[in-house]
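All figures in this text were calculated on a predicted structure; none of them were measured in a lab. Naming: A, B, ... by sequence-line order, numbering from 1 per chain.
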There are 2 protein chains.
Amino acid sequence: MELSERIAGEIVMSEEPGKALRKWRQIFDISQKELTGHLGLSPSVLSDYESGRRGSPGVKMVQKIVNAMVEIDQNRGGGTLERYSEDSISEAIPDKREFTKGILAEEFIETIEGRVIGGKSRMRRILWGYSVIDSLKAITTLSSSDYLKVYGYSSERALIFLGVMYGRSPMVAIRSHPLKPGLVIFHQPGSIDPLAVELAEVEHIPLAVTDLPLDELFERLHKMN
Amino acid sequence: MELSERIAGEIVMSEEPGKALRKWRQIFDISQKELTGHLGLSPSVLSDYESGRRGSPGVKMVQKIVNAMVEIDQNRGGGTLERYSEDSISEAIPDKREFTKGILAEEFIETIEGRVIGGKSRMRRILWGYSVIDSLKAITTLSSSDYLKVYGYSSERALIFLGVMYGRSPMVAIRSHPLKPGLVIFHQPGSIDPLAVELAEVEHIPLAVTDLPLDELFERLHKMN
DNA sequence: CAACATATACGGCACTTGTCGATAATCATC
DNA sequence: GATGATTATCGACAAGTGCCGTATATGTTG
């Protein structure tokens with residue numbers, strides 16, 4: 001899953017590892033000089049690999065190089081990295097934050113005056129952020145790769161769904177998705193499909209409902225920390 | 001995406017590549033002897049890598065080894081490979097097949113007397129298999145990693161959902177999942193949620209409904225080729 | 001516990017990496 | 001078309017891989 005592993009894998013399994021190395025260096029837009037500088041090596045080293053004079057670099061070498069590329073990219077603001085992992089933010093996610101310190105699911109629910117309706121077994125989970133999702137916009141405008149972005153840094157977070165009708169679809173989406181949130185909130189749902197509750201139970205994800213007005217909800221979310 | 005690349009990536013980026021090598025060899029359940037035999041090498045070679053005497057095998061070495069593991073597994077019937085792409089079959093998927101030659105989505109629909117209700121733009125897609133999914137069982141018994149197994153070798157296949165109520169949840173699941181089918185069929189759905197149709201449209205996945213009795217449906221599926 | 005299959009350990013040798021530094025070739029671009 | 005940055009090429013040498021064969025452990029299982 002790690003991007004660096006994917007890159008490394010591609011390099012290793014490539015016919016000409018040197019070419020693959022170069023490809024990724026260019027994707028990251030880093031010069032041989034900068035890259036080797038970062039590693040305390042002389043530029044000719046990289047050139048030798050890329051051009052194939054050394055045809056089978058050791059895994060430690062590849063490791064160092066890939067890590068260096070990722071680090072350099074990160075120092076620059078992580079542009080490339082992000083382009084290759086998550087996508088640009090869409091309006092389907094009106095709010096999204098990471099906490100500096102964890103907060104118990106229990107407390108989270110309390111703060112937004114939520115009523116727990118399922119997944120009670122894991123109320124003492126620690127959450128590290130939340131994402132607010134406009135259900136309708138999400139399913140109509142988000143691409144599948146966008147879905148990953150719903151989860152920020154940690155998937156141990158609350159997902160708050162707005163505009164929920166029965167709550168069945170969001171829970172099915174969660175069920176079918178490899179990343180699981182630590183808490184699910186429905187904001188002013190129509191009615192609740194028992195299946196939604198059952199899925200929360202099966203996945204051991206606390207599920208709660210809040211009826212706070214939207215602005216009040218955002219208010220309380222922002223005050224959290 | 002290639003499993004071999006994922007394995008290679010994991011090996012290369014691992015702290016101890018030797019350990020990772022061993023891990024995968026064991027997952028594939030291949031002895032050092034068999035593996036090295038396949039490569040025309042002596043077993044001590046592998047042992048030396050795995051135990052770390054040679055700490056940084058060259059990429060060509062890793063490549064050879066990973067390829068050998070995959071090949072051996074394939075010669076044996078590809079058990080492990082499959083387990084890592086798809087999982088063991090659950091009753092939520094009563095039927096699932098790969099075709100030997102592709103079939104047009106159009107033809108597929110015709111064969112099962114389907115009525116197209118969305119995603120008409122891509123009727124000439126070629127399908128390479130199908131999976132029948134018992135909707136209720138699927139969402140209640142499949143784990144998220146199981147969901148991958150719905151897709152056999154190719155995601156260019158038809159997904160046939162049984163026991164659909166409105167068709168909303170299956171389409172949302174598809175929407176949120178990175179792998180997309182080439183055709184979606186609902187078997188005797190209750191009513192159809194317009195959103196399901198819209199999603200089919202957005203994803204450019206033909207969506208059709210069939211009212212054939214179940215046994216007749218299976219009959220026709222089996223006759224396909 | 002034999003007997004067998006499997007895995008580890010290790011000395012040894014040819015060949016390749018890993019690394020430098022210096023020089024030569026490319027490539028923008030002012 | 002001269003300047004500066006980027007990449008390519010290459011000889012050199014220490015360190016390490018790639019490979020073998022054999023000897024030794026470490027399991028299994030009849």
Side-chain angles (χ1 to χ4, degrees), chain A residues 7-69 71-73 75-76 79-80, chain B residues 7-69 71-73 75-76 79-80:
Chain A
I7 298 174
E10 192 182 322
I11 292 169
V12 173
M13 297 309 286
S14 151
E15 291 280 314
E16 285 143 310
K19 293 271 176 64
L21 267 171
R22 169 174 291 146
K23 168 181 147 184
W24 279 101
R25 182 176 58 77
Q26 287 172 340
I27 287 179
F28 278 100
D29 194 23
I30 303 175
S31 75
Q32 292 181 346
K33 184 145 165 238
E34 184 172 6
L35 191 49
T36 50
H38 190 89
L39 291 167
L41 296 177
S42 96
S44 63
V45 172
L46 235 199
S47 179
D48 280 346
Y49 291 127
E50 292 188 0
S51 62
R53 182 153 87 127
R54 303 271 186 267
S56 179
V59 302
K60 293 292 182 195
M61 194 68 212
V62 176
Q63 206 174 108
K64 281 197 306 198
I65 294 176
V66 171
N67 280 331
M69 292 197 295
E71 273 163 31
I72 291 174
D73 187 64
N75 288 155
R76 288 174 177 173
T80 303
Chain B
I7 299 174
E10 193 183 320
I11 292 169
V12 172
M13 297 309 287
S14 148
E15 290 281 316
E16 285 142 308
K19 293 272 175 60
L21 267 171
R22 169 175 292 144
K23 168 182 147 183
W24 279 101
R25 181 176 60 77
Q26 287 171 339
I27 288 177
F28 278 99
D29 194 24
I30 303 175
S31 73
Q32 294 181 344
K33 185 144 163 240
E34 184 172 8
L35 191 49
T36 50
H38 191 88
L39 291 167
L41 296 177
S42 98
S44 62
V45 173
L46 235 198
S47 178
D48 280 347
Y49 291 127
E50 292 188 357
S51 61
R53 183 152 84 127
R54 305 269 187 269
S56 179
V59 301
K60 293 292 181 192
M61 194 67 208
V62 176
Q63 205 175 110
K64 282 197 307 200
I65 295 177
V66 171
N67 279 331
M69 292 196 296
E71 273 163 32
I72 290 174
D73 187 65
N75 288 154
R76 288 174 174 174
T80 302

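- The CG atom of B:L21 sits 11.0 Å away from atom CD of B:Q26, with the distance rounded to the nearest 0.5 Å.
- For D:dC19, the OP1/OP2 oxygens have no side-chain nitrogen or oxygen of B:S42 closer than 4.0 Å.
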Identify each atom pair where a protein N or O and an N or O of nucleotides 6-9 of chain D are less than 3.5 Å apart, giving names and distance.
residue	atom	partner	partner atom	Å
D:dT7	OP1	A:R25	NH1	3.2
D:dT7	OP2	A:Q32	N	2.7
D:dA8	OP1	A:R22	NH2	2.5
D:dA8	OP2	A:R22	NH2	3.1
D:dA8	OP2	A:Q32	NE2	2.8
D:dA8	OP2	A:S47	OG	3.4

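- Atom NZ of B:K60 is surrounded by more than 12 heavy atoms from other residues, nucleotides or ligands within 6.0 Å.
- Phosphate contact (OP1/OP2 of C:dG18, side-chain N/O of A:Y49, threshold under 4.0 Å): present.
- Atoms CZ (B:R54) and P (C:dG18) sit 14 Å apart, rounded to a whole Å.
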Would you give me the side-chain donor-acceptor pairs under 3.5 Å for residues 40-48 of chain A, sequence neighbours excluded?
residue	atom	partner	partner atom	Å
A:S42	OG	A:S44	OG	3.1
A:D48	OD2	A:R53	NH2	3.4

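- Rounded to an integer number of Å, the gap from A:M61 CE to D:dA15 C1' is 14 Å.
- Residues satisfying the salt bridge (Lys or Arg N to Asp or Glu O under 4.0 Å) criterion with A:K64, sequence neighbours excluded, are absent altogether.
- No contact: B:G52 has no heavy atom under 4.0 Å from any strand.
- Note that the CD1 atom of B:I72 and the CG atom of B:L39 stand 7.0 Å from one another [nearest 0.5 Å].
- Shown here are the salt bridge (Lys or Arg N to Asp or Glu O under 4.0 Å) partners of A:R22, two or more places apart in sequence or in another chain: A:E50.
- The C1' atoms of five pairs define one axis at each end of the helix from C:dC1-D:dG30 to C:dC30-D:dG1, and these two axes lie 50° apart (to 10°).
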Pairs of donor and acceptor atoms involving the side chains of residues 7-19 of chain B, under 3.5 Å and at least two apart or interchain, shall be tabulated with distances.
residue	atom	partner	partner atom	Å
B:E10	OE1	B:W24	NE1	3.4
B:E10	OE2	B:K23	NZ	2.5
B:S14	OG	B:E16	N	3.0
B:S14	OG	B:E16	O	3.1
B:E16	OE2	B:K19	NZ	3.3

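- The separation between A:R53 atom CZ and C:dT19 atom C1' is 10 Å, rounded to whole Å.
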* Asked: For every nucleotide of nucleotides 23-30 of chain D, 5' to 3': is a protein heavy atom under 4.0 Å from its base (B), only from its sugar-phosphate (S), or from neither (-)?
  -> --------

Provide a list of protein-nucleic acid N or O atom pairs under 3.5 angstrom, restricted to nucleotides 23-30 of chain C.
none

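- Put simply, B:K60 has no side-chain N or O that comes within less than 4.0 Å of OP1 or OP2 on C:dC15.
- A:L41 has its CG atom 10 Å from the C1' atom of C:dC20, to the nearest Å.
- Between the P atom of C:dG18 and the CD atom of A:Q63 lies a distance of 12 Å, rounded to the nearest Å.
- With sequence neighbours excluded, no residue satisfies salt bridge (Lys or Arg N to Asp or Glu O under 4.0 Å) with A:E71.
- A donor-acceptor pair under 3.5 Å is absent between the side-chain atoms of B:R54 and the main chain of B:Y49, judged by distance alone.
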